[in-house]
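We use all heavy atoms of the structure for the numbers below, so side chains are in, but hydrogens, waters and symmetry mates are not.
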Amino acid sequence: MLDIALIRNKTDWVKEQIAKLHDEGALERIDSIVALDAQRRETRTRVETAQAARNKLNRAMGKLRGNKTMPAEEKAYRARLAAAALGGEDYDRASRLMDGAEPAVNEEPADFGAAFDELIGQLRKMGDGIEKGFDQIDSIEAELQEHMLWLPNLPHSSVPVAESEEDNIPGPMQGTLREFDFEPKPHWELGPALDIIDFERGVKVAGSRYYTLKGWGARLQRALISFFLDMARENGYREVYVPYIVHSDMLVGAGQFPKFQDTVFGIADEDKYLLPTAEVAITNLHRDEIFEEADLPRQYVAHSPCFRSEKTSAGRDVRGIKRVHQFEKVEMFKFTTPETSYDELETITAQAEAICAALEIPYRRLEIVTGDLGFSATKKYDIEMWSPGCEEWLEVSSCSNTESFQARRAMLRYYPSGTRKTRYLHTLNGSGLATPRVMIAIMENYQRADGSIEIPAALRSYLGGAEIID
RNA sequence: GGAGAGGUGGCCGAGUGGUUUAAGGCGAUGGUCUUGAAAACCAUUGUACGGUUCUCCGUACCGCAGGUUCGAAUCCUGUCCUCUCCGCCA
């Protein structure tokens, strides 16, 4: 979520930033937001002033009713005078009459019951108006909030401005391309031939875009997960195990909802959803909490399966296991101060790259342009591995700084050293890494002429020292 | 899944409809005292929004959401969570 004060004070600048993202729907919301914000503040001031008067009157009422030394007769005529003052909207005088601050002269005898009925009637009338005012505020704020939740994060000034993913800027390839003395095969041929990927039986059990790993396939994936977690732990991340099912609020907090509701799987009859990424659970781990600056940065790593329904991408990448509804990912996550978040983005990206390097697979870093930045990030790098079989670059990691975008949605704050004034912290996330795409890259880069696959040296200790899958 | 008991500030804990601040304690912070520390004493104490501007003022928040009432931490309804016991399971 963006800072409403920023939208209020620099409206045109915010519009320019959103224009770079090519999110026309969001752009249209800005004027509504500015209008609702003004309306909201004006209404709130008016209603709260009235409420302050009413609170004072109710307290004075208690004082009048509960006064044990005042004769009933005096109470009655004070009540009647106060009711008259309320009729003239002189709240201060009414309050003074009721709590005894203003002397009252008994002009004529008043009936106790009738006087209090009259007074209560005045107070009720006042209360009804205030209730209506609060209802009005609620509906304005709900509408404002809905608009706010649909606004994407704004790009950092260093992000190149361009149309789409076609324009993302690749960095130089790292590592060395393998020279094959045979035609390298794609993983959808290698996997079934070795009986380590079984497409048909995955489809039988769960439908299209589901798959089964068998034998060395399943073991290789498990080894990769352990290897990834160990790499992250050595880099100072605390390993956590999180729920794979979360409340819808958590998806709002991390930025998936409301806009991307159709990309996640829901639990029947419950307001809960399967994780599309462990990032959702980790982001919300410290929801509604306030850190001390000394506690930052806080770094976590978690492995989780990721479930994505992605109805929008039907028809793309249908072959193989590149784009599937269920995959495994190890996610690195940082809670940082605003001062350090961009340095930390470089760090987390370098850490993801180091994993690629350790596996000795050619990779490159992609600098993401504004048109492909996505909803939550201010700046993003993707890491891609080269797959010689399907002859394409495979995205195996995505590293983002969301600044305070998620922090505002999930109420993640900290006290800067020496102050008691809260401030939103910054959150960053980076895959480290995701499989089965890394498995694709391993299979295709490490394949041998006879169809067997060499196991990368870094993984052998996780597989009982084995060197070859055949 | 069934039954019962609970949910109050950073923590413990009082509070069965009002008589201007959620009592009291712990912790934390600041101060006095002290050579220093401890102890003692004094003061302060959360979050959000709004209005002011360098300081205040106001509103809301007693798990959450509704309701009753002139007025709700307190009464009513729903819901979530925790604990205990039973059942089931890994």
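Remark: B/rA72 base-pairs with no nucleotide in the shown strands. Criterion, Watson-Crick or G-U wobble with two distances under 3.5 Å. Figure legend. B/rG78 is base-paired to B/rC64; pairs are counted as Watson-Crick or G-U wobble with both atom distances under 3.5 Å. Across all strands shown, B/rC56 forms a Watson-Crick or G-U wobble pair with B/rG51, both key distances being under 3.5 Å. In this structure B/rU35 sits in no base pair that meets the Watson-Crick or G-U test at under 3.5 Å. Base-pair partner of B/rU45: B/rG27 (Watson-Crick or G-U wobble, both distances under 3.5 Å). Base pairing of B/rA14: no nucleotide in any strand meets the Watson-Crick or G-U wobble criterion (both distances under 3.5 Å). Using the Watson-Crick or G-U wobble rule with both distances under 3.5 Å, B/rG87 pairs with nothing in any strand shown.
Taking the P atoms as reference points, B/rG51 lies 27 Å from B/rG71, given to the whole Å. Look at the P atom in both B/rC81 and B/rC64: the space between them is 15 Å, to the nearest Å. If you take atom P in B/rU8 and the same atom in B/rG63, they sit 6 Å apart, rounded to whole Å. Comparing the P positions of B/rG13 and B/rC86 gives a spacing of 26 Å, expressed to the nearest Å. A distance of about 14 Å separates the C1' atoms of B/rA72 and B/rC61, rounded to the whole Å. Taking atom C1' in both B/rG66 and B/rU47, the straight-line distance is 23 Å, to the nearest Å. B/rA90 and B/rG10 have their C1' atoms separated by 38 Å, with the value rounded to a whole Å. The P atoms of B/rC57 and B/rC41 are separated by 29 Å, rounded to the nearest whole Å.
Each of B/rG50, B/rG58, B/rU47 was ranked by its minimum atom distance to the side chain of A/R41; first place goes to B/rG50. Closest to the side chain of A/T422, from the set B/rU59, B/rC49, B/rU47, is B/rU47. Taking every side-chain heavy atom of A/K63 into account, B/rU20 is the closest of B/rC70, B/rG58, B/rU20.
Following rounding to the nearest Å, A/K75 (NZ) and B/rU19 (P) show an atom-to-atom distance of 14 Å. For the pair A/K56 NZ and B/rG71 P, the computed distance is 19 Å after rounding to whole Å. Taking atom NZ of residue A/K125 and atom C1' of nucleotide B/rC70, one finds them 14 Å apart after rounding to whole Å. As rounded to whole Å, 16 Å separates atom P of B/rA60 from atom CZ of A/R40. Atom pair A/D138:CG and B/rA60:P shows a separation of 13 Å (rounding to whole Å applied). Computed from coordinates, the A/D128 CG to B/rG67 P distance equals 13 Å when rounded to whole Å. Per the geometry, CG belonging to A/L57 stands 14 Å off P belonging to B/rU19, to the nearest Å. Atom-to-atom, CD of A/E292 to C1' of B/rU29 comes out at 12 Å; the value is rounded to the nearest Å.
Partner of A/Y273 under the ring-ring contact (aromatic ring centres under 6.0 Å, His included) criterion, chosen from A/F307, A/F260, A/F257, A/F265: A/F257.
Residue A/R59 places no side-chain N or O under 4.0 Å from the OP1 or OP2 atom of B/rU19. Taking side-chain N and O atoms only, A/Y415 has a distance below 4.0 Å to OP1 or OP2 of B/rU47. Side-chain N/O atoms of A/R65 include none lying less than 4.0 angstrom from OP1 or OP2 on B/rG71. A sub-4.0 Å separation between OP1 or OP2 of B/rA60 and a side-chain N or O of A/Q51 is present. An OP1 or OP2 oxygen of B/rU59 is reached within less than 4.0 angstrom by a side-chain nitrogen or oxygen of A/N55. For B/rG71, one of the phosphate oxygens OP1 or OP2 lies less than 4.0 angstrom from a side-chain nitrogen or oxygen of A/R54. Between A/R44 and B/rG50 there is no side-chain polar atom (N or O) within less than 4.0 angstrom of OP1 or OP2. At B/rG50, one or more side-chain N or O atoms of A/R8 fall inside 4.0 Å of OP1 or OP2 (strictly under the cut-off).
Within the 3.5 Å criterion, the main-chain N or O of A/A5 finds a donor-acceptor partner in the side chain of A/N9. The closest donor-acceptor contact from the side chain of A/T11 to the backbone of A/I7 lies under 3.5 Å. Side chain of A/H187 to main chain of A/I321: a donor-acceptor pair is present (N/O by atom type, distance under 3.5 Å, no hydrogens or angles). When atom types are taken as modelled, the side chain of A/K75 and the backbone of A/R65 share a donor-acceptor pair closer than 3.5 angstrom. Within the 3.5 Å criterion, the main-chain N or O of A/L86 finds no donor-acceptor partner in the side chain of A/D90.
Here A/I290 lies in heavy-atom contact (under 4.0 Å) with sugar-phosphate atoms only. Residue contacts shown for A/T49 are absent, as no nucleic acid heavy atom lies under 4.0 Å away.
Counting atom types as modelled, A/E48 pairs no side-chain N or O with a base atom of B/rG50 as donor and acceptor under 3.5 Å.
Here the shortest heavy-atom pairing between A/V246 and A/A281 reads CG1-CB, 4.5 Å.
With a 6.0 Å radius and a threshold of 12 heavy atoms from other residues, nucleotides or ligands, A/R8 has its CZ atom above the threshold.
A residue-by-residue look at A/L119 and A/D99 shows that A/D99 has its nearest nucleotide of RNA chain B further toward the 5' end.
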